[in-house]
Amino acid sequence: MDWKGFNMTENENGATDEISETDNTDVPYPVTYEVSEDNAAAAAAGETDEIGETAEDDFQIPADDEYNEYTEPDDYAENAEEDVPTYVSDDIYDDEYKDENSAPRKVRLKPFIIGASAVVFAALCFFGCALTTVKSDRVMKNVYIEGVNVGGMTYDETLNAINSANLFENTDITLTDGETEFTMSGADIGLAALPEDTAQKAVDYCKHDNIFVKSWLAAKLIFTHHEIVPVPQTDEAMLGAKLDECGNLMKGERKEHYIEFNKEQIATVFSGKTGYNGDHTKAYEQVVNALTGERFKDIHVDFETSPPETMTIERIDAMIYKDPVNAEYVVDGNSVSITEDMTGRYIDKDAVTPLLANIYEGCEPVNIPYNISYPDVTSEILNDKLFANTLSTYSTSYGGSTWNRCQNIARAASLISGTVVAPGGIFSFNDTVGHRTAENGFYTAKEYINGESVDGIGGGTCQVSSTLYSAVLYADMGIVERLNHMMTVGYIPLGQDATVADGGVDFRFRNTSDYPIKISAYTSGSSVSISIIGTAWEPARKVTISNNATTQGENTVVYSTRYVYENGSLVSTDTLNSSTYMPHKQAMQSVEEEVEEDSEEDDESE
């Protein structure tokens, strides 16, 4: 027997032993039955089995009138109480079951296809409309930069909006090494937006080459806004300083071995400790990369540590050694103060070297002996020498002068008296005396202007400048600027006068000594005396002036030389400015000629 779905095999006695499944493609409930020899014999004899039916009934095929297209297990239960399924043939299944059930399935797909098409069409229309909102030269609507609405703006408008806003002002940045967290504000590191790059970033948003991405981004902006993170920039020095602070917090502050001077001639060395090595290069790069990547929170940073440097004899010598400091003069205007002198320190390297083995991280304090060195110049010495000597004094007479001229001489002398010139400093007569005006205490008196004796305010001040010049020469100070009068004067030797003019010709000299000098000027009777007070030259100096006069036509030319002696020996010879004097008559004529030339030029111009 060979049915669709089963192979019936016979045993050696000719009985059917087994029904095995060979093709269950169309079988709803495939099963396998084993038939014992007793059941097979009973079936052949028409005997009933355990359930009261014949063995033959177990395989009974329903009659034609009981077949209903295909039979489910429940439909033929009356034919097979053990629910043995009844199987249909290939022809019946293929022609009737399969054809009748395929038609309703096609009908059910049509509404789904129509609905899906409608959804796709609507989506295409929506995204197409979204694309129409994209404009290449403007920022998309609903785009913000740090809360600033720049939607619909051009590049220039966006740039102006960025420059007007304080972007990143309230931004906090947090750093971490996995254990410790460090927070710093944008203001702490000079965090600011790069205006041009940020504006371009806003304009470029949604301008994607991929049309699907572009339409998707444009569609999203219809329902929600998008925040543009500004392109950041930081102040390198400010960020570096905050990273050093962060490194000290996370890794601890590194300390070198240090020295304290608590006892006389004993320096105590204290142990340093391992900590942050001060190199924030890697952390700086990590922070900048994170900010550029629009990440401001939980930025991981790495810092390295290092131990204190090993103490060497050269290093400890440098830490202890100090030069002695000499006392110095400090000139402030016409007041002079003296700085304190200070002793120095130095070590005996041979004695200290064995102690270095005791200096290491975590060690107990180590005492290092040192020696004291002393300054060459103490404050006591300077105080004793300050203005202790009169270097020179020179006097001239102004007997026979008018009252006004006498007053001007006295006024000029009082204005320069007490003036202090620091070592290397330059004195200016005009700057010190000031303008020769009535408000400054001067009177009208005769004075030479362009070789002519005329009335002018301050007449007589040249006698003070000339007297000062001679005093300066004998004090062996340096001459910076000096000019003789156009005509000879009677109150001082030829070649030793120095003319001055308010706002014009000046007399200036330099203090060439190592100590401050002070000018002392006063009038007494009909003479003016000027002294240069300072500290005596060591060795003592003696100054002589030689003035050799010759005639050149009607002019007198004087060649002046200064000789300086120390202990009777000539140590220097200074050639001073030569002086050319015109006779009074010639000088007057020269002035008249100049006046006539000026008059002729005025006539021609008219």
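Only heavy atoms go into these numbers, but all of them, side chains included; no hydrogens, no water, no symmetry mates.
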Using a strict 4.0 Å threshold on nitrogen-to-oxygen distance, state whether Glu245 and Lys242 make a salt bridge.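 Judged by the 4.0 Å cut-off on N to carboxylate O distance, Glu245 and Lys242 do form a salt bridge.
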
Can you find a side-chain donor-acceptor pair between [X] and [Y] that sits under 3.5 Å?
X	Y	value
Ser428	Asn430	no
Ser185	Asp188	yes
Asn389	Thr535	no
Asp156	Thr154	no
Asp172	Thr183	no
Asp244	Tyr276	yes
Tyr321	Asp323	yes

Which atoms form the tightest heavy-atom contact between [X] and [Y], and what is the distance?
X	Y	result
Leu239	Tyr284	CD2-CE1, 3.3 Å
Thr339	Asn326	OG1-O, 4.3 Å
Ala161	Val150	CB-CG1, 4.3 Å
Pro375	Pro324	N-CB, 3.6 Å
Ala471	Ser392	O-OG, 2.6 Å
Val336	Val331	CG2-CG2, 4.0 Å

Keeping the roles fixed (side chain from [X], backbone from [Y]), state whether a donor-acceptor pair exists under 3.5 Å.
X	Y	answer
Gln265	Tyr370	yes
Lys322	Thr343	yes
His226	Val143	no
Asp574	Leu576	no
Thr512	Asp476	yes
Thr268	Asn367	no
Thr234	Glu236	no
Arg436	Gly456	no
Glu309	Glu256	no
Arg541	Pro539	no

Check whether more than 12 heavy atoms from other residues, nucleotides or ligands sit under 6.0 Å from atom [atom1] of [X], and answer yes or no.
X	atom1	result
Glu328	CD	no
Glu566	CD	yes
Lys297	NZ	yes
His300	NE2	yes
Asp332	CG	no
Arg254	CZ	yes

When rounded to the nearest 0.5 angstrom, what is the spacing between [atom1] in [X] and [atom2] in [Y]?
X	Y	atom1	atom2	value
Leu243	Asn248	CG	CG	11.0 Å
Gln233	Thr292	CD	OG1	11.0 Å
Glu196	Thr158	CD	OG1	12.0 Å
Asn142	Glu227	CG	CD	10.5 Å
Glu361	Thr274	CD	OG1	3.5 Å
Ile259	Ile368	CD1	CD1	7.0 Å

Under 30°, 30 to 60°, or over 60°: which ring-plane class applies to [X] and [Y], parallel, tilted or perpendicular?
X	Y	answer
Tyr329	Tyr515	perpendicular
Phe427	Phe429	perpendicular
Tyr144	His225	perpendicular
Phe296	Phe168	tilted

pair [X]-[Y]: side-chain heavy atoms closer than 4.5 Å:
X	Y	answer
Ile479	Val472	yes
Val377	Asp341	no
Val420	Ser335	no
Pro308	Lys273	no
Glu304	Asp279	no
Val139	Val203	yes
Thr310	His257	no
Ser417	Ser414	no

Cationic tip of Lys518 above Phe387 ring, under 6.0 Å, 45° of axis: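 Positive - Lys518 is close enough to the ring of Phe387 and near enough to its axis.
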
Worked check of side chain to side chain contact (heavy atoms under 4.5 Å, CB included) between Lys201 and Val229: CA-CA 9 Å; Lys201 183 178 180 181; Val229 178; 4.2 Å; yes

Can you check side chain to side chain contact (heavy atoms under 4.5 Å, CB included) on Val269 and Met319, steps first, answer last? CA-CA 10 Å; Val269 181; Met319 295 173 71; over 6 Å; no

Looking at Ser470, Ser520, Ser531, which one forms a side-chain hydrogen bond (donor to acceptor under 3.5 Å, both in side chains) with Thr393?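 It is Ser531; the other options fail the test.
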
Applying the side-chain hydrogen bond (donor to acceptor under 3.5 Å, both in side chains) criterion to Gln200, which one of Thr198, Asp204, Asp197 satisfies it?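 Passing option: Asp204.
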
Given side chain to side chain contact (heavy atoms under 4.5 Å, CB included), test Leu291 with Leu191 step by step and report yes or no. CA-CA 10 Å; Leu291 297 180; Leu191 183 62; 4.1 Å; yes

List the steps and the verdict of side chain to side chain contact (heavy atoms under 4.5 Å, CB included) for Ser373 and Arg345. CA-CA 6 Å; Ser373 57; Arg345 299 186 298 262; over 6 Å; no

